Amino acid sequence: MAIGGFWQPHDPDAVDILARHQGPSQIHLLGTDNIGRDVASRMLIGGWRTLIVVLAVAGIGFLGGSLLGTLAAVLGGLAEQAILRFCELFIVVPTLIWALTAAAIFGLSPLTAGIAMGLAGVGPYALMANSLTRRTLGMPYVHAARALGVGTHRLMMRHVLPNTLPIMFTHVGSNAGQAVVNYASLAFIGLGADPSKPDWGSMLFEYRMFIFDDPMLMIWPGIAIALIATLISLVFDDGLPNRIW
């Protein structure tokens, strides 16, 4: 996915009417579309733009939600309730509304869509982090550490985070995989993405009229969406980030 941001075999916007609807070849690995543009180059650009969205969603949702949820559990009382009620606002507001708002403020771009979906994910991450942190803080070994005078910062780094982050990382994989599908959906309906730029979702929309004449135009982005979403989920479910941690 990352390579598409730095290299493409052809100009993804170069039109060659004489080469339209060509099949895969050495020159055009995935063939050409209805106006002769190289499909492989457009797929690479779409992968790069999707990667930006996934990183934004994971960064904003995971970091923001984990921080707020953990902080709420540590503070407790009215402060905890206030933080959790604030986080629940991100659950109540649909992702589509966040996407429309972000597009109106920042314009259409993958980063805009990533910010919108990342904000929509803050609530679930915060509630999960809060629940896991509260459970960990109630463990006997944590009470023993408090009795020995261990400070809050050391307690968090030594006992709380090592027990909550591995579970949170698993949720990141599921959320990031869903972000790939959500971004493709937004691009398909023309929200959260510039329709003049190649995105896997916008390619599905653009090529839908050729589903019978040249079905591969829709199959390639469809396979990419399903494959990347599945691979991300499998990598995180397999516990790779947990072993790194």
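Quantities reported herein were computed from a predicted structural model and do not represent experimental measurements.
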Please table the atom pairs, donor to acceptor, closer than 3.5 Å between any side-chain atom in residues 55-71 and protein atoms at least two apart or in another chain.
unit_1: Ser66; atom_1: OG; unit_2: Phe62; atom_2: O; d: 2.6
unit_1: Thr70; atom_1: OG1; unit_2: Ser66; atom_2: O; d: 2.7

Give the table of side-chain donor-acceptor pairs shorter than 3.5 Å for residues 11-19, with sequence neighbours excluded, one pair per line with atom names and distance.
unit_1: Asp11; atom_1: OD1; unit_2: Asp13; atom_2: N; d: 3.0
unit_1: Asp16; atom_1: OD1; unit_2: Leu18; atom_2: N; d: 3.3

Please tabulate, for the side chains in residues 223-231, all donor-acceptor contacts under 3.5 angstrom to protein atoms that are two or more places apart in sequence or on a different chain.
unit_1: Thr230; atom_1: OG1; unit_2: Ala226; atom_2: O; d: 2.7

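For Phe212, there are no ring pair (Phe, Tyr, Trp, His ring centres under 6.0 Å) partners, not counting sequence neighbours.
Across all non-hydrogen atoms, the minimal contact from Ile232 to Gly177 is CG2-N, 3.9 Å. Taking every heavy atom of both residues into account, Leu30 and Val39 meet most closely at O-CB, 3.8 Å. In this structure, Met117 and Val53 approach most closely via the heavy-atom pair CE-CG1, 3.2 Å. Closest heavy-atom contact between Tyr183 and Pro110: OH-CG, 3.7 Å. Taking each heavy atom of Asp33 and Tyr207 in turn, the nearest pair found is OD2-OH, 2.8 Å. Between Ile45 and Pro198, the shortest heavy-atom distance links the atoms CG2-CG, 3.4 Å.
Between Arg20 atom CZ and Asp214 atom CG the span is 9.5 Å, to the nearest 0.5 Å. Atoms OG and CZ, from Ser109 and Arg49 in turn, are 7.5 Å apart once rounded to the nearest 0.5 Å. To the nearest 0.5 Å, atom CG of residue Leu137 and atom CZ of residue Arg134 are 8.5 Å apart. Remark: His28 NE2 to Arg37 CZ distance equals 13.0 Å, nearest 0.5 Å. Atoms CE and CZ, from Met218 and Phe210 in turn, are 11.5 Å apart once rounded to the nearest 0.5 Å. Gln8 CD to Leu44 CG: the interatomic distance, rounded to the nearest 0.5 Å, is 6.5 Å.
Val122 is connected to Leu75 through a chain of hydrophobic side-chain contacts under 4.5 Å among Ile, Leu, Val, Met, Phe, Trp and Tyr, so both are in one cluster. Linking ILVMFWY side-chain heavy atoms closer than 4.5 Å, directly or via other members, places Leu29 and Met43 in two distinct hydrophobic clusters. Linking ILVMFWY side-chain heavy atoms closer than 4.5 Å, directly or via other members, places Met203 and Ile35 in two distinct hydrophobic clusters. Hydrophobic clustering, with ILVMFWY side chains joined whenever heavy atoms are under 4.5 angstrom apart, keeps Leu78 apart from Val74.
Members clustered with Val92: none, using a 4.5 Å side-chain heavy-atom cutoff among hydrophobic residues. If you chain together ILVMFWY residues whose side-chain heavy atoms come under 4.5 Å of each other, Ile91 ends up grouped with Leu84, Leu127.
Side-chain N or O atoms of His10 include one that pairs as donor or acceptor with a backbone N or O of Ile27 at under 3.5 Å. No side-chain donor-acceptor contact under 3.5 Å links Thr133 to the backbone of Ala73. Side-chain atoms of Thr32 come within 3.5 Å of backbone atoms of Gln22 as a donor-acceptor pair (strictly under, hydrogens ignored).
Surrounding CZ of Arg208 are more than 12 heavy atoms belonging to other residues, nucleotides or ligands, all under 6.0 Å away.
The existence of a salt bridge linking Arg85 and Glu80 is excluded, since no basic side-chain nitrogen approaches an acidic carboxylate oxygen closer than 4.0 Å.
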TODO: Tell me, with the steps shown, if Arg135 and Thr164 meet side-chain contact (heavy atoms from CB on, under 4.5 Å).
DONE: CA-CA 9 Å; Arg135 185 186 69 177; Thr164 60; over 6 Å; no

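Neither side chain, Ser202 nor Asp199, offers a donor N or O lying under 3.5 Å from an acceptor on the other.
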